[in-house]
Amino acid sequence: SAAQRVAELTDKPAWRLSLGASDDYELCFTAPSEAVETIIADVREETGTPVTAIGEILPPEEGRWLRLKDGQEMPLEATGWQHFGQEA
């Protein structure tokens, strides 16, 4: 609810704030698509930690895309924070 309120106050979509204007406190990793369900189950069983599949890596020539809840797709711009002083 707090993120939604910030989105309203800044007149920006909440998903945009989540992608580039937030702190990241979760581990992100990639895995072969055929192993995703097994990895999710194994990590949960071994550690109790939930793992969520959030997308797939596409070849560079296909670009970066974001699919919203309503199914709309839009190009995804490279944004974020570089910890060593250069903007993304």
Side-chain angles (χ1 to χ4, degrees):
S1 63
Q4 188 62 44
R5 181 71 180 135
V6 170
E8 292 167 3
L9 290 171
T10 60
D11 199 31
K12 294 182 180 177
W15 61 262
R16 186 171 300 278
L17 295 174
S18 297
L19 287 175
S22 63
D23 290 337
D24 299 321
Y25 295 109
E26 293 195 29
L27 176 64
C28 292
F29 61 92
T30 60
S33 58
E34 62 273 6
V36 169
E37 294 304 319
T38 300
I39 291 170
I40 289 172
D42 289 351
V43 171
R44 185 179 298 264
E45 182 179 323
E46 292 291 323
T47 69
T49 304
V51 174
T52 303
I54 62 168
E56 64 181 299
I57 304 295
L58 300 173
E61 60 272 10
E62 292 190 35
R64 291 181 292 267
W65 294 89
L66 176 67
R67 182 176 299 136
L68 301 175
K69 286 181 180 181
D70 65 4
Q72 176 186 2
E73 292 183 347
M74 57 190 354
L76 184 61
E77 304 150 5
T79 63
W81 177 258
Q82 296 293 326
H83 295 275
F84 299 106
Q86 298 176 350
E87 291 187 34

Residues in side-chain contact (heavy atoms from CB on, under 4.5 Å) contact with E8, at least two apart in sequence or another chain: Q4, R5
Under the side-chain contact (heavy atoms from CB on, under 4.5 Å) test, residues paired with D70 that sit two or more places apart: L68, Q72
Qualifying residues under side-chain hydrogen bond (donor to acceptor under 3.5 Å, both in side chains), relative to R67, sequence neighbours excluded: E73
With sequence neighbours excluded, residues passing side-chain contact (heavy atoms from CB on, under 4.5 Å) with T10: V6, K12, L17
Going by atom type alone, with no hydrogens or angles, which donor-acceptor pairs under 3.5 Å involve a side-chain atom of residues 47-60 and a protein atom two or more places apart or on another chain?
{"residue": "T47", "atom": "OG1", "partner": "V43", "partner atom": "O", "Å": "2.7"}
{"residue": "T47", "atom": "OG1", "partner": "T49", "partner atom": "N", "Å": "3.0"}
{"residue": "T47", "atom": "OG1", "partner": "T49", "partner atom": "OG1", "Å": "3.0"}

Which atom of A7 lies closest to which atom of P13, heavy atoms considered: CB-C, 4.2 Å
Contacts of E46 that satisfy salt bridge (Lys or Arg N to Asp or Glu O under 4.0 Å) - sequence neighbours left out: none
Co-membership, hydrophobic cluster, residues W65 and L76, 4.5 Å side-chain: no
Sequence-distant partners of E37, side-chain hydrogen bond (donor to acceptor under 3.5 Å, both in side chains), two or more places apart: none
